[in-house]
Amino acid sequence: MRRATLDAFGDEPFDVLVIGGGIYGLMAARDAALRGLRTALVERDDFGGATSHNSLKLMHGGIRYVQHLDFARLRASARERAFWQRAAAPICTPLEFTIPLFGHGIRGPEAFGAAAAIYTLASRGLRGPHYNGARAVGAKAARQRLGGFAPEGLSGGGVWRDGQLRDVNRLHMACLRAAIEAGALAANYMDASALISANGRVTGARLRDRLTGAEGQLRARVTLSCAGQAAAALARPHLRDPAVFSGFLRATNLVVDREVGRRGFAVVSRSRSDAVVDRGGRMYFLTPWQGRTIIGTHESSLDHSADSDVDDFLSELALACPQLGLGRKDVLWVHRGVIPANIDDSRGGGKRHTRGSLLDHSGQGLGGLISVAGVKYTTARLIAERAVDAALLQLGTGALPSTSFETPLPVDDSADPDPHSSDAGTLAQRLRRAADQEMATSLSDVTVRRTLWAETGLLNTPGVSEKLAAAAAMANLPA
C-alpha cells in the first residue's frame with residue numbers, strides 16, 4: 001500500500017472524500033470504492049490511531065440491547081458481528097462470557113433467562129454459525145465458570161458469546177487495503193484543515209501534508225466527515241445551527257498484566273447502569289487477550305483529568321473485584337478514546353449514545369456534507385453503508401447497491417514474525433514490512449498501530465528499546 005501525495009489527488013473532483021481514518025472512515029472508503037465511486041481518504045494522524053484503536057476489542061452481538069428494549073439495534077448488531085466473523089475470520093474469534101446474577105428478581109437468573117430467550121429468538125438467523133443464543137445457568141455452574149472471581153451471594157450466571165479481535169491493528173490494515181484495492185486513494189498524516197464551500201455546498205477540503213508541510217486542496221462532490229470529535233469543528237463555520245452535534249465522553253480500557261482464564265466475565269461496579277431496565281450497577285468486563293487481560297469500560301467527562309481516570313478506574317475495580325489486587329504497576333497499556341454522548345450539565349454527567357449519528361447536512365441547507373458519529377465498532381460497516389447511500393442521493397447517480405456485506409476483507413494471514421519476540425532480527429523484519437507495505441512513517445506507528453508491542457508490554461523488556469532504535473534507523477523510520 002502506497003500513501004497518496006497531494007499531487008496524486010490532482011485537480012479533478014472525486015465523487016467522495018472521506019475525512020477520518022478510524023474504523024468508520026475506513027469502512028466508508030471501502031464501501032464507496034466497492035461501488036465504483038472515485039474515492040479519497042485522508043487522516044490527520046495515523047489510521048485507526050484514536051478511538052478505533054482504543055477499544056475493548058469486542059464485536060458485540062447485541063444482547064445488551066434487550067435491557068434497552070432496542071430490538072432494531074439488537075438485530076443489526078447480531079448481523080454485523082456475523083459479518084466480521086466471516087470477513088475477518090483469522091483475527092475475529094468467538095469468546096464466551098459469564099456475568100454474575102443475584103437474587104431472584106430483576107438481577108436474578110430467571111429474569112436473565114427470559115431476556116436470553118428474547119435475544120435468542122430476536123437474533124435467529126442473524127448470529128452466524130459460531131454463536132449460539134444466550135442462556136442462564138445455576139449458581140453452581142456460574143461459580144465454576146467464574147472461579148475465584150465468583151462474588152458472594154451468587155444465585156446464577158448469564159452466558160453468551162461475542163467476537164473478540166485478536167489484533168485490531170491487522171483489521172485496520174485489512175480495511176485500508178480493501179479500500180485501496182477497490183480503487184481508493186488514501187493518505188495518513190494528511191490534515192483536512194478546513195472544508196471548502198461555494199453557493200451553500202461543500203466542495204472539498206483544504207489539505208496540509210504533515211510529513212512535508214505542503215498545502216493544497218482536494219475537490220469532491222460529497223464529503224463524508226468521519227472525524228469523530230473534530231467533525232463538529234470542521235462543519236461549524238458552514239452551518240446555521242452547529243448544535244446538531246452531540247457532546248462526548250472519554251472511554252478508558254486497561255490492559256493489565258494478569259491472566260483470568262479462557263473466558264470473559266463481568267464484575268459489578270458502584271456506577272449506575274444507563275439501561276431502561278436497571279439491573280443494578282454498571283458492569284465492567286474482563287476479557288483474556290494475548291496472555292493478558294483487558295478491562296473496560298470506564299467513562300468520564302472530557303473535563304476530567306485523563307490520568308486521574310486510571311486511578312478512578314482502579315479504585316472502582318478494587319471494590320468490584322478485590323481479588324485482582326490491581327495497582328498502577330500492573331497496567332501495561334491504557335486505551336483512551338472519545339464516544340458520542342448526551343451531556344446534561346444540570347445532572348453533572350453524561351449518558352453515552354446507544355446509536356450512531358448520521359447527519360446529512362443538506363437538510364440544514366448545506367449540501368455536499370454528511371457527518372458520521374460512530375458509537376460501536378461492531379456496526380461500523382452498516383453505518384458506512386448508510387452514509388454512502390446518503391452520498392449517492394446527493395450525487396444523483398441512481399442506485400449503486402452496496403456489496404460490502406458480502407465481500408471478505410483481505411486480512412494478511414501470512415507468516416508474521418512472533419509479536420512477542422524481542423529478537424533483533426524479528427523486530428527489524430517487522431519494522432521493514434510496516435514501512436514498505438503498511439504506510440508506517442514513524443517508529444510509534446509500528447509499535448502502537450501495526451504491532452502489539454506497546455499493548456502487550458514488549459517495549460518494557462530490557463534491551464528492546466535499543467534494538468528498535470537501531471532497526472528503525474536502518475528502515476529510515478523516525479522515532
Side-chain angles (χ1 to χ4, degrees), residues 1 3-6 8-44 47-48 52 172 175-188 190-207 216-228 230-231 234-235 238 356-363 366-374 380-405 407:
M1 296 186 293
R3 176 180 181 268
T5 64
L6 279 173
F9 291 131
D11 297 324
E12 290 299 313
F14 284 78
D15 294 318
V16 175
L17 164 62
V18 180
I19 299 175
I23 189 60
Y24 278 72
L26 291 167
M27 295 305 282
R30 169 182 179 262
D31 188 286
L34 283 171
R35 300 198 208 197
L37 298 174
R38 189 163 183 258
T39 305
L41 168 66
V42 297
E43 161 59 46
R44 76 173 307 276
F47 297 114
S52 296
H172 292 156
C175 296
L176 176 63
R177 188 175 295 110
I180 292 173
E181 289 179 354
L185 295 183
N188 52 354
M190 187 72 72
D191 184 18
S193 57
L195 298 177
I196 302 170
S197 66
N199 301 318
R201 185 175 185 86
V202 169
T203 58
R206 294 189 180 91
L207 301 181
Q217 65 179 33
L218 187 153
R219 297 170 60 205
R221 298 168 66 193
V222 176
T223 296
L224 298 182
S225 180
C226 304
L234 281 171
H238 306 271
S357 298
L358 187 63
L359 302 175
D360 186 335
H361 298 289
S362 61
L366 181 66
L369 177 64
I370 298 167
S371 296
V372 181
R381 188 215 63 84
L382 176 61
I383 301 302
E385 177 184 307
R386 292 173 178 171
V388 177
D389 285 344
L392 287 173
L393 290 177
Q394 295 205 31
L395 289 169
T397 59
L400 292 174
S402 174
T403 60
S404 65
F405 187 81
T407 306

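Quantities reported herein were computed from a predicted structural model and do not represent experimental measurements.
- Under 3.5 Å, the side chains of Ser52 and His172 contain no donor-acceptor pair of N or O atoms.
- With sequence neighbours excluded, the residues satisfying side-chain contact (heavy atoms from CB on, under 4.5 Å) with Ala384 are Met27, Ala28.
- Between Arg221 and Val16 there is no side-chain heavy-atom pair separated by less than 4.5 Å.
- Comment: Asp31 does not engage Arg386 in a salt bridge, judged by the lack of any side-chain N to carboxylate O separation of less than 4.0 angstrom.
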Would you check, one step at a time, whether the test side-chain contact (heavy atoms from CB on, under 4.5 Å) holds for Cys175 with Ile23? CA-CA 8 Å; Cys175 296; Ile23 189 60; 3.9 Å; yes
Given the rule in the side-chain contact (heavy atoms from CB on, under 4.5 Å) test, do Val222 and Ile370 qualify, once you have shown the distances and angles that lead to the verdict? CA-CA 8 Å; Val222 176; Ile370 298 167; 4.2 Å; yes
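- Side chain of Gln217 to main chain of Ala205: no donor-acceptor pair is present (N/O by atom type, distance under 3.5 Å, no hydrogens or angles).
- The backbone N or O of Ala8 sits less than 3.5 Å from a side-chain atom of Thr5, completing a donor-acceptor pair.
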What's the verdict on side-chain contact (heavy atoms from CB on, under 4.5 Å) for Ile19 and Glu43, showing C-alpha distance, side-chain angles and the deciding distance? CA-CA 6 Å; Ile19 299 175; Glu43 161 59 46; over 6 Å; no
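- Between the side chain of Asp15 and the backbone N or O of Arg38 there is at least one donor-acceptor pair closer than 3.5 Å.
- Under the salt bridge (charged side-chain N to carboxylate O under 4.0 Å, His left out) criterion, the residue pairs touching residues 190-206 are Arg44-Asp191, with sequence neighbours excluded.
- Although no hydrogens or angles enter the test, the distance criterion places no donor-acceptor pair under 3.5 Å between the side chain of Arg3 and the main chain of Ala186.
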List the steps, then state whether side-chain contact (heavy atoms from CB on, under 4.5 Å) holds for Tyr24 with Leu224. CA-CA 10 Å; Tyr24 278 72; Leu224 298 182; over 6 Å; no
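- With a 4.5 Å cut-off on side-chain heavy atoms, His361 and Gln394 do not count as touching.
- For Arg30 (side chain) and Ser404 (main-chain N/O), a donor-acceptor pair under 3.5 Å exists by modelled atom type.
- Exactly one residue among Leu37, Leu185, Leu41 makes a side chain to side chain contact (heavy atoms under 4.5 Å, CB included) with Phe14. That residue is Leu185.
- Side-chain contact check for Arg219 versus Phe9: every heavy-atom pair is 4.5 Å or farther apart.
- Between Ser225 and Leu369 the shortest side-chain heavy-atom distance falls below 4.5 Å.
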